[in-house]
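Everything on this sheet refers to the single structure shown next.
Letters go in sequence order (proteins before strands), and every chain restarts at 1. Scope of the values below: all heavy atoms of this structure, side chains included, with no hydrogens, waters or symmetry mates.
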Amino acid sequence: MLEKTFDPKSVEPRLYAAWEASGAFKPSEDPSAEPFVIVIPPPNVTGSLHIGHALNNTLQDVLTRFHRMRGKAALWLPGTDHAGIATQMVVERQLAAAGNIGRRDMGREAFVERVWEWKAESGGAITNQLRRLGASCDWSRERFTLDEGLSAAVRKVFVQLYKQNLLYRDKRLVNWDPQFQTAISDLEVEQREVDGAYWHFAYPLADGVTYEHPVAFDDEGKPTQYETRDYIVVATTRPETMLGDTGVAVHPSDERYKALVGKDVVLPIVGRRIPIVADDYADPTKGSGAVKITPAHDFNDFGVGKRAGLPAINILTPEAKLNDAVPAEYQGMDRFAARKAIVARAEEEGWLKEIEKTKHMVPHGDRSGVVIEPYLTDQWYVDAYTLAQPALKAVETGETVFEPKHWEKTYFEWLRNIEPWCVSRQLWWGHRIPAWFGPDGSIFVEETEEAAYAAAREQFGADVVLNRDEDVLDTWFSSALWPFSTLGWPEKTPDVARFYPTSTLVTGFDIIFFWVARMMMMGIHFMGEAPFKQVFINALVRDEKGAKMSKSKGNVIDPLALIDELGCDAVRFTLTAMSGQARDIKLSKQRIEGYRNFGTKLWNATRFAQMNGCIRVEGFDPATVTQPINKWIRGEVVKTLGEVTKALEAPAFDEAAGSLYRFIWNVFCDWYLELAKPILNGEDEAAKAETRATTAWVLDQILILLHPVMPFITEELWDQTAQEGGPAREALLISTSWPDLPESWIDAEAAAEIGWLVDTVGEIRSLRAEMNVPPSAKPALAVVGAGEGTQGRLSRHRDLLVSLARLGEISLVEAAPAGTAPVVMGEATGALGVAEFIDVAAEKARLTKEIAGHVSEIEKTGKKLGNPDFLARAKPEVVDENRERLAEAEAAKAKLEAALQRLAAMG
RNA sequence: GGGCGGUUAGCUCAGCGGUAGAGCGUCUCGUUUACACCGAGAGGGUCGGGGGUUCGAUCCCCUCACCGCCCACCA
């Protein structure tokens with residue numbers, strides 16, 4: 001006998017071990033089985049499972065289990081990511097906290113060694129947490145982005161792209177993170193709104209040049225008054241950059257400054273003469289219309305500088321302090337300190353014209369949180385534009401589809417405007433760039449040092465000495481190869497042949513650019529086919545107030561704590577049921593409790609079945625059942641199977657969860673088991689046996705259909721129900737086949753009959769509650785106008801009606817007796833003998849209200865049917881439906897009116 | 001500035017052209033031998049505002065408002 005409630009804590013580890021030991025997580029080796037493949041979005045190897053992982057991985061597991069049960073060779077390939085900056089940051093912080101020397105003092109080798117140690121210590125955590133989630137990954141294929149195979153793939157890709165001119169080294173401005181002292185990609189920069197100011201500076205014109213500048217205007221905007229100026233005004237939000245100015249730009253058509261183009265200004269403080277140039281970039285409507293140009297520290301200015309031939313003077317060190325290109329008094333000064341100092345000096349010297357306070361967006365490093373500086377360095381770039389074209393096409397043609405589809409727009413938008421991808425990082429934790437520098441800056445890009453030397457010797461002779469590039473690659477570079485590198489590429493492994501391209505990628509929208517688009521680019525380029533057939537974008541989990549979870553806000557929901565408290569299945573069901581939401585999932589514990597209760601409900605339904613001897617019967621064929629309730633539930637199982645299968649194929653996880661919930665709770669528990677009780681307690685042995693067998697069969701189907709979402713409780717019940725007798729289980733539930741049941745098992749007549757029964761019981765219950773008939777009272781039911789069909793139903797379900805509606809006698813009569821309340825029973829009308837309980841006034845009010853309801857229905861529908869346009873243009877079935885509705889409402893109204901009259905007659 | 005979502009019952013959300021739905025919460029009733037992590041019943045919505053298309057609009061189109069996110073922007 002089952003315990004009173006399910007105890008997830010004791011069951012989950014045991015079942016997980018049993019699944020893994022059974023080999024169920026490995027894909028079927030049957031060559032005829034169609035593959036179904038998911039590669040996991042690799043979590044940070046040193047990370048821990050947060051609720052977003054829980055959602056993402058639950059959905060992957062639901063799909064994997066579903067397709068596995070459907071007979072596919074299901075592979076869910078797990079692994080972890082080395083997460084360059086994030087991991088390096090964690091370890092550096094640890095070193096600092098422990099009072100150790102920093103990474104620069106340790107040296108590269110020792111530091112990297114230390115990171116590997118940290119990985120060894122904490123690297124198992126996340127995968128163990130995935131196991132606690134029930135993830136049925138094939139752990140025998142687990143990969144890590146820095147393991148040897150994947151590193152080989154990275155080198156191969158880098159070299160090949162280089163040799164195809166799709167990857168190159170270039171000196172240009174990058175987003176420089178002064179905290180980590182590395183370049184980062186555009187995607188790793190986030191714009192934050194900050195309080196700032198425009199500081200307006202007057203730069204004096206050289207050689208005593210003056211010009212007439214308009215200062216007053218008429219209604220049409222024409223200048224009416226001029227003043228003579230010997231300076232030009234520029235504005236900036238970063239005053240310290242003026243030390244690196246090499247020009248001032250004005251728009252070529254700007255009348256105000258036309259005469260100044262070609263003249264010089266003398267840069268204050270520095271004393272450098274810099275030219276005034278004409279460039280379209282200068283916007284006459286912004287500020288003074290003249291803009292200072294700092295080519296080395298501003299992306300736009302860099303372009304102006306190139307066009308106008310202005311030099312780029314770098315004034316910053318890697319930590320964003322002023323370097324020795326600036327006057328001595330500012331050297332070594334922090335950029336923000338310098339800003340203040342410059343402004344103070346400008347004010348003092350009188351060339352600060354105005355301070356305009358403003359809020360503006362300032363780029364920050366997404367990891368470091370510090371202000372990013374545009375910085376002139378040599379970096380490696382991937383020609384993303386070229387790689388993006390086939391990636392765009394794959395989605396445009398539907399080779400890969402997004403679900404929900406609207407994310408395709410986001411994907412297109414980014415890829416169509418893609419910029420070169422800076423892939424080098426001045427970090428230590430990551431894939432070392434396979435490039436070596438020789439004399440005169442020549443570069444040798446090869447997969448191995450030997451190959452690089454071989455190439456270099458040909459050019460420079462045997463004594464050549466090469467220096468390896470010190471940098472590592474952007475973590476996303478290796479992540480971009482994930483769908484094929486994890487299968488063993490560049491080796492020609494059986495897995496590559498069998499499992500590429502993969503089926504569905506399940507991931508968050510926040511990494512469509514970082515990861516999905518890049519996998520598409522690399523996958524197509526190197527494998528000739530897009531890496532996935534479908535990209536399923538899951539929502540972002542937020543707290544119950546809708547705020548993004550973050551450690552600093554303290555609103556992080558720990559999925560493992562929830563699993564401990566409420567069980568893994570409840571957490572999984574909740575996430576599955578809520579996953580339909582477009583962008584956000586607002587998670588509340590209450591909701592999870594609700595689904596924990598759902599599990600308990602199923603558990604208790606199984607207990608009930610056990611107590612009533614509902615043991616599975618060998619060779620039981622649901623096609624042969626004769627009892628209406630059994631025919632009916634058989635059809636409901638078929639319908640549910642259809643709904644769940646369709647939903648999981650889409651996938652529409654919330655719909656699958658909804659169908660399961662409704663069927664199990666509202667159909668099977670609320671009605672079938674209640675309807676079965678009289679039979680199970682009755683004398684008809686044949687009906688009893690059939691109902692027991694049917695119940696056991698339905699439960700089996702429930703366990704199978706629910707298993708992908710709630711794997712633990714279903715597997716446990718699968719096992720426990722087999723221990724009560726009946727045929728032995730052939731396999732663990734995880735390895736059991738998804739059913740394929742015939743539509744012909746849906747019996748319309750049985751469904752109508754049970755529907756009638758359910759409605760009648762509902763009517764009577766509702767009536768009793770409204771009229772305050774005590775639960776213990778058993779009023780008689782007299783049925784008026786019962787035809788043959790209704791009489792048959794009445795006789796077949798008399799016991800059920802009596803018990804479910806708590807009735808006394810049921811009789812057939814010619815006319816409704818006095819002191820009764822009407823019950824709609826299809827064609828017939830029930831008269832419930834409630835005289836002794838009736839509050840006449842209350843009952844009159846109830847009937848009046850109900851009649852009013854029908855009257856408004858009749859009016860509405862009648863009006864519609866009276867509209868010739870409606871009759872002429874609406875679909876015929878809609879017209880029929882309305883006619884039927886009108887007839888029903890009129891009949892019901894008549895019955896209620898009759899009842900009301902009888903009541904009036906009574907007093 | 002460009003784009004994408006959203007606005008439906010107290011809360012969280014489904015529905016997306018033909019009688020407004022679910023879960024939770026609320027209220028009433030209930031120890032009927034599976035389950036109080038339960039059962040029965042009830043109340044609760046002019047589907048953000050305004051136009052339009054249509055026989056018919058929560059659903060399609062236009063527009064406005066508000067909320068959220070992404071991209072760009074440091075004169």
Side-chain angles (χ1 to χ4, degrees), chain A residues 2 4-6 186 191 194 196-200 233-238 241 249 281-283 285-292 298-300 356 358 360-363 371 374 404 406-407 409-410 413-414 417 509-510 512-513 540 544 546 548 566 570 577-578 580-588 590-591 593-612 654-655 658 661-662 666 669-670 673-674 677 681 761-762 765-770 772 774-776 803-804 806 857 860-861 864 867-875 877-879 881-882 885 889:
Chain A
L2 289 172
K4 206 166 174 188
T5 54
F6 174 55
D186 298 345
Q191 305 291 338
V194 222
Y198 293 127
W199 283 275
H200 296 251
V233 174
V234 294
T236 179
T237 57
R238 295 180 297 159
T241 61
Y281 165 67
D283 182 347
T285 65
K286 279 189 186 167
S288 67
V291 56
K292 64 192 264 318
D298 183 285
F299 287 98
N300 290 312
E356 190 186 335
T358 179
H360 58 165
M361 302 299 271
V362 176
V371 175
H406 69 254
W407 289 111
K409 280 198 173 179
T410 306
E413 189 61 24
W414 188 68
N417 299 298
F509 57 79
D510 50 335
I512 290 178
F513 305 150
L540 201 69
E544 53 199 352
K548 194 168 175 176
L566 298 164
M578 299 184 81
Q581 292 154 32
R583 288 196 181 221
D584 301 338
I585 293 181
K586 296 185 184 104
L587 192 65
S588 75
Q590 223 175 24
R591 188 83 187 239
E593 279 168 1
Y595 291 122
R596 185 268 321 265
N597 297 353
F598 171 64
T600 309
K601 185 77 182 173
L602 173 63
W603 185 267
N604 278 296
T606 310
R607 272 183 91 220
F608 169 82
Q610 264 190 1
M611 288 172 174
N612 285 279
D654 54 329
E655 286 176 22
Y661 189 94
R662 270 192 302 280
N666 303 122
C669 292
D670 285 352
L673 291 183
E674 294 304 320
K677 279 177 184 173
N681 296 327
V761 170
R765 281 175 174 170
S766 171
L767 197 66
R768 293 179 63 123
E770 281 176 45
N772 294 319
S776 55
S803 68
L804 294 176
R806 306 187 61 73
E857 177 72 37
K860 211 166 118 186
T861 315
K864 220 180 215 184
N867 179 352
D869 283 334
F870 174 71
L871 296 176
R873 298 180 193 231
K875 280 179 277 184
E877 58 266 33
V878 173
V879 177
E881 199 184 300
N882 277 277
R885 194 183 305 152

For this session: Starting at the 5' end of nucleotides 27-34 of chain B, put B wherever the base has a protein heavy atom under 4.0 Å, S where only the sugar-phosphate does, and a dash everywhere else.
Result: --SS-B-B

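Ion pair A:E881/A:R885 flagged as a salt bridge, since at least one NZ, NE, NH1 or NH2 atom sits closer than 4.0 Å to an Asp/Glu carboxylate oxygen. Between A:E593 and A:R596 there is no salt bridge, since no side-chain N of the basic residue sits under 4.0 Å from a carboxylate O of the acidic one.
A:F598 has its CZ atom 12 Å from the P atom of B:G39, to the nearest Å. Taking atom CD of A:E655 as the reference point, atom C1' of B:G23 lies 16 Å away to the nearest angstrom. A straight line from CZ of A:R596 to C1' of B:C37 spans 5 Å, rounded to a whole angstrom. Atom pair A:M578:CE and B:G23:P shows a separation of 14 Å (rounding to whole Å applied). Computed from coordinates, the A:R591 CZ to B:G25 P distance equals 12 Å when rounded to whole Å. Rounded to an integer number of Å, the gap from A:Y595 OH to B:C38 C1' is 18 Å. Whole-Å rounding puts the A:E593 CD to B:C38 C1' distance at 15 Å. To the nearest angstrom, C1' of B:C13 lies 10 Å from CG of A:D654.
Closest of all the heavy-atom pairs between A:R768 and A:P774 is NH2-O, 3.0 Å.
Contact annotation: A:T410 does not reach the phosphate of B:G3 (side-chain N/O to OP1 or OP2, under 4.0 Å). Put simply, A:R885 has a side-chain N or O that comes within less than 4.0 Å of OP1 or OP2 on B:U19.
Between the side chain of A:T861 and the main chain of A:E857, a donor-acceptor pair closer than 3.5 Å is present.
Pair assignment for B:U58 gives none, since no Watson-Crick or G-U wobble pairing has each distance under 3.5 Å. Across all strands shown, nothing is found opposite B:A20 as a Watson-Crick or G-U wobble partner with both distances under 3.5 Å. Remark: B:G68 base-pairs with B:C4; criterion is Watson-Crick or G-U wobble with both hydrogen-bond distances under 3.5 Å. Checking B:A14 for Watson-Crick or G-U wobble geometry (two distances, each under 3.5 Å) identifies no partner in any strand. Checking B:A9 for Watson-Crick or G-U wobble geometry (two distances, each under 3.5 Å) identifies no partner in any strand. Pair check for B:A42 finds B:U26; Watson-Crick or G-U wobble, both atom distances under 3.5 Å.
The residue A:V234 sits apart from the nucleic acid: no heavy atom pair falls under 4.0 Å. Nucleic acid contact class of A:Y281 (heavy atoms, under 4.0 Å, all strands): base. Using a 4.0 Å heavy-atom criterion, one finds that A:N300 contacts the sugar-phosphate atoms exclusively. Within 4.0 Å (heavy atoms only), A:P868 reaches no atom of the nucleic acid at all. Using a 4.0 Å heavy-atom criterion, one finds that A:A282 contacts the bases of the nucleic acid, with or without backbone contacts as well.
Picking from B:C37, B:G41, B:U19 the nucleotide with the shortest atom distance to the side chain of A:K860 gives B:U19.
Inter-residue side-chain proximity for A:F608 and A:L673 is flagged as met; some heavy-atom pair is nearer than 4.5 Å. The shortest distance between side-chain heavy atoms of A:T606 and A:L2 falls below 4.5 Å.
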Show me the protein contacts with nucleotides 55-58 of chain B, counting only N or O atoms at under 3.5 Å.
from  : atom 1 : to     : atom 2 : distance (Å)
B:C55 : OP1    : A:R873 : NE     : 3.0
B:C55 : OP1    : A:R873 : NH1    : 2.2
B:C55 : O2'    : A:N867 : ND2    : 2.9

